[in-house]
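Whatever order the structure lists ligands and atoms in, that order sets their numbers, starting from 1. These numbers come from a predicted model, not from an experiment.
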Amino acid sequence: MIILGGSASTELAEKVAKEMSVEPGRLEIKRFPDGEKYVRVMEDVAGKDVAVVQSLYRTPDEYLFEYFLLVDALRDLGAKSITGITPYLAYARQDARFNPGEAVSCSATARLIEAAGTTSFITVDTHLHRLENVSKVFKVPARNISAMPLLGQYALENLSPRKPVVIGPDAEAEPWAAATAKELDAEHTYFRKKRITSSKVEIDTGDVDLDGRDAVFADDIISTGGTIAEAAVACRKKGARKIYALYTHPVLATGALERLHAAGVEKVIGTNTIPSPISKVSVAPILARALKSRP
Ligand code: R5P
């Protein structure tokens, strides 16, 4: 198998290749003076299985189009199979038409990924609030694997939370809280969240007992930090000792970490689906495992 990393995920692709005991494949990617991208595959891919790692964060449109050029080239060069790995799948939150006339960006993105020539697809903890699974938007075999067990292990080994309760900040995060709690051998629950604006939410904690206990949040995305900041304040009021936040995707809008720390969150940990200062956990092992067991 040849593992290629687009410019969004060069380091992650190297780590995945290492897990698979192969050298990462070579690419040349540059930008022309007029802003257009240039992509060149420097490997003989004819008849080979190829995986392309390209997370769609911060400048998702740029990375998506680069992915398109790369996969189209691989198809043209005769690759036998092309597994697309976008650990962070941008546009997943717009998975429905909430207002008349809106683009349904999630399915549009999936169509573009497929149209390039992707023959199977892997993503990580995709935000699927209204869809049952990623196969609802992809026609090619698609898998949504979870980094929560890795984050739970990290918390166990590095944070050693005391009498922890793992909390999903909203109902949709309950499965992530459950998967994390399993690693910590802890109980889990979830809060109810009402979004007021894109950076403001209201949190209902229900009747969870946090007195003298550590609260460990597990969620897919930290963007503005508004969700966990609000939830952390509510936990403090309930007597929580320390508060930790574990996220798969550190989207990190400006000021998000400061907001969490100001709200009393002790440590914020993320994965490297998006490179960031809090990306302490690598998803390379689970991506390699998914590649090895692809259909
Ligand atoms: C929303 O449903 C997600 O699971 C996250 O909770 C949300 O995207 C976090 O956004 P923010 O950090 O801006 O509150």
Sidechain N-carboxylate O distance under 4.0 Å for [X], [Y]:
X: Arg241; Y: Asp214; result: yes
X: Glu43; Y: Arg26; result: yes
X: Arg259; Y: Glu230; result: no
X: Lys193; Y: Asp170; result: yes

Ligand 1 versus [X]: contacting region, heavy-atom distance under 4.0 Å:
X: Thr227; answer: both
X: Lys200; answer: neither
X: Asp220; answer: side chain
X: Asp170; answer: side chain

Are the side chains of Ser293 and Arg143 in touch, meaning some heavy atoms are under 4.5 Å apart?
->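 SC-SC contact between Ser293 and Arg143 confirmed.
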Give the residue and atom name of whichever protein heavy atom lies nearest to [atom], and the separation in Å to one decimal.
atom: atom 13 (O) of ligand 1; answer: Thr224 OG1, 2.6 Å
atom: atom 10 (O) of ligand 1; answer: Arg195 NH2, 3.6 Å
atom: atom 2 (O) of ligand 1; answer: His129 CE1, 2.8 Å
atom: atom 5 (C) of ligand 1; answer: Asp219 OD2, 3.3 Å

Heavy atom of His127, distance to ligand 1 below 4.0 Å = yes
Short N or O distance, Gly225 and ligand 1, threshold 3.5 Å exclusive | yes
Any nitrogen or oxygen of Trp176, main chain or side chain, under 3.5 Å from a nitrogen or oxygen of ligand 1?
->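 The answer is no, given that Trp176 and ligand 1 share no N or O pair closer than 3.5 Å.
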Is Lys30 close enough and on-axis enough to Tyr38, meaning under 6.0 Å and within 45°, for cation-pi?
-> yes
The salt bridge (Lys or Arg N to Asp or Glu O under 4.0 Å) partners of Asp72 (sequence neighbours excluded) come to Arg75
Counting heavy atoms not belonging to Lys292, are there more than 12 under 6.0 Å from its NZ?
->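 Yes.
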Under 4.5 Å between side-chain heavy atoms, chaining through other members, with only Ile, Leu, Val, Met, Phe, Trp and Tyr counted: pull out the rest of the cluster around Val208, sorted by chain and number.
-> Val165, Ile167, Phe191, Val201, Ile203, Leu210, Phe217, Ile222, Ile228, Ile243, Tyr247, Leu252, Leu257, Leu260, Val265, Val268, Ile278
Below 4.0 angstrom from a heavy atom of [X], which ligand 1 atoms are there? Numbered from 1 as shown, please.
X: Ile222; answer: 12 (O)
X: Arg93; answer: 8 (O)
X: Ile221; answer: 5 (C), 7 (C), 8 (O), 9 (C)

